[in-house]
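Accompanying notes for the structure given below.
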Amino acid sequence: MASLLAFLLFAGLAVVCALVALFHRSVVHSAFALLGTLLGVADLFLQLGADYLAMTQVLIYVGGILVLILFGLMLTPPDRRELRPARIFLGLAVTGAGALLFLTRMDSGAWKAAPLQELPDLANQASPTAEPIGLAFLERDSWLLAFEFASVILLAALVGAVFIARRRFRVDDEGA
Amino acid sequence: MDVPPLRTAVTILVGFGAMMSLAAGMTLVERRLSAFIQERYGPNRVGPFGLLQPLADLIKFVFKEELLPAGANPVLFKLAPALAAIPAMLTFAAIPFGFYDGRPIVVADMEIGVLYILAIGSLGVYGIILGGWASNNKYSLLGGLRASAQMVSYELSLVLSLVAVLAVTGDMNLSRIVLAQDSLWNVFTQPLACLVFLVTMFAETNRHPFDFAECEPELVGGFHTEYSGMRFALFFLGEYIAMVVMAALMAVLFFGGCDVPFLAIADTPWWAGALAMLAKTGFFLVLYVWVRWTLPRFRYDQLMWLGWRVLLPLSLLNLAVTGAWLALSGPAGPGGAH
């Protein structure tokens, strides 16, 4: 019962905040509403017993990406070109395609939603998930290739950030 | 691991009390120590040696008028102080203060304690950004903007420096990280990570010399310019609790936590361990104050320079060296648990 209440509370938070993020006129409000959505999803992960995933979600999406979005928003002047019909049409087309894909796949196989009353109380019987996730990443025939691929990309991004920071400062020094 | 509910209740009560007393005590220590550094007296009238000053401050904050600036967003403006203070309080739950009866003295002994503190601790910046934005004041907005830029620049180095420590220990549970340092503290195996963590811990808590979000000569008070009374006090409390947590994390990750030097953790009485942990935390708390009243503040471009050009390459290098060392020392090394 308690887990059902918690599920409804946080799923509701995620959905309501997502709607605010979509329909609010102020982009800063939308970004702050996204905070509620991401935290709500993190809590759903927790209730499914995925502690590592929940914390990673908070650390990366809430602590990193959303801060970056807010930083970008505060530095960006309003762009009237966003309202041109071609842009709106493109946005609708991409969203529609995504929604169509999701809706056609939702009822099949792994996507099938569980009925509400069967919701198990996973949070209290969960075992730690960090170790199995780590082992699955490093096993030869599971996710090793994807893991190594992603880590190389991220490392390249980090080295690139350092490189850009160094190069820009050198140009500044010469200009001074 | 089943912990008796009574023990959990006592730990929560004592932990909350300790957290609040440490944060309140820190405000007094900060004022007295800054006065000592500047050859003043500081607050010494309320109670013996001014010890009751935090209580007097609290009474003052509660009775002060709460102002709402014209044009400010009322909901977000009131939400921001809570959003700054609550994450800081939540992170304290994962700090182990010693071992009693073979079990760690901690509110929540999580398998992913390090990740939990990093994740929840990173929420604190939203209070600052939100407060800065909702105040409808250009100085506040600039303060919030700076906080977000600083967070993005320094969080990366902080996490990367910790990854090296986790690789050496092979664990993310904070009390087992303490146990792993029984013979040798991490500061000796990971000196570079310790240095990077030391610098980023000042930046993470928005403390001098990284206090650009509230830098008074340029921004009046930065994000909290428009706040008064208890709402301002909540921002203040959040900052001090975050300092306590970061100082405690430093002690746990690099200085053996409750480990008394030259004594095995299993042989140490629990109170001695807890005292050692408190002493180490206290040292880094005093260091916060010491640095604040000794060093000048950075310029903003210097802050970005330090974050991206010095700390990030240093922590990447440290991680690479640590990885190579662990790979060469083979599966019998400290990280080779499997």
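Please read these numbers as outputs of a predicted model, since none were measured by experiment. Chain identifiers are assigned alphabetically (A, B, ...) following the order of the sequence lines, protein sequences preceding nucleic acid strands; residue numbering begins at 1 within each chain.
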- Could you tell me which portion of B:L130 (side chain, backbone, both or neither) has an atom closer than 4.5 angstrom to a non-hydrogen atom of chain A?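 Contact with chain A is through both the backbone and side chain of B:L130.
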- Contact origin within B:L311 toward chain A - heavy atom pairs under 4.5 Å: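 No part of B:L311 comes within 4.5 Å of chain A.
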- Below 4.5 Å from any heavy atom of chain B, which atoms of A:L39 appear? Answer side chain, backbone, both or neither.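 Side chain only.
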- Task: Evaluate the criterion side chain to side chain contact (heavy atoms under 4.5 Å, CB included) for residue pair A:I164 and B:W308; output intermediate values, then yes/no.
- Result: CA-CA 9 Å; A:I164 290 173; B:W308 289 103; over 6 Å; no
- Query: Just wondering, more than 12 heavy atoms not from A:L145 lying within 6.0 Å of its CG?
  - Reply: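 No.
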- Message: Around atom CZ of B:F77, are there more than 12 heavy atoms from other residues, nucleotides or ligands closer than 6.0 Å?
- Response: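 Atom CZ in B:F77 is crowded, with more than 12 foreign heavy atoms closer than 6.0 Å.
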Find the distance between [atom1] ([X]) and [atom2] ([Y]) and round it off to the nearest 0.5 Å.
X	Y	atom1	atom2	answer
A:Y52	B:M172	OH	CE	5.5 Å
A:D51	B:M110	CG	CE	9.5 Å
A:L66	B:S122	CG	OG	10.5 Å
B:W133	A:L70	CH2	CG	10.0 Å

- Checking side chain to side chain contact (heavy atoms under 4.5 Å, CB included) for the pair A:L35/B:L83: CA distance, chi angles, key distance, verdict? CA-CA 12 Å; A:L35 175 66; B:L83 217 53; 4.3 Å; yes
- Kindly state each residue pair satisfying side-chain hydrogen bond (donor to acceptor under 3.5 Å, both in side chains) with at least one member in residues 143-163 of chain A, sequence neighbours excluded.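 Those involving residues 143-163 of chain A do not exist here.
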Please examine the side chains of [Y] and [X], heavy atoms only from C-beta on, and report whether any two atoms are closer than 4.5 Å.
X	Y	result
A:F71	B:R146	no
A:V67	B:Y126	yes
A:L158	B:L160	yes

- Task: Step by step, work out the side chain to side chain contact (heavy atoms under 4.5 Å, CB included) result for B:E155 and A:L59.
- Result: CA-CA 10 Å; B:E155 179 92 354; A:L59 184 64; 3.5 Å; yes
- Query: Can A:F32 and B:I129 be said to form a side chain to side chain contact (heavy atoms under 4.5 Å, CB included), step by step?
  - Reply: CA-CA 10 Å; A:F32 281 125; B:I129 302 177; 4.0 Å; yes
- Query: In this structure, which one of B:L118, B:I112, B:V114 forms a side chain to side chain contact (heavy atoms under 4.5 Å, CB included) with A:M55?
  - Reply: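 Among B:L118, B:I112, B:V114, the one that satisfies the side chain to side chain contact (heavy atoms under 4.5 Å, CB included) with A:M55 is B:I112.
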- Message: Shorter than 4.5 Å, heavy atoms on both sides: which option in B:P313, B:G124, B:S148 has the most such pairs with chain A?
- Response: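 Most heavy-atom pairs within the cutoff with chain A belong to B:S148.
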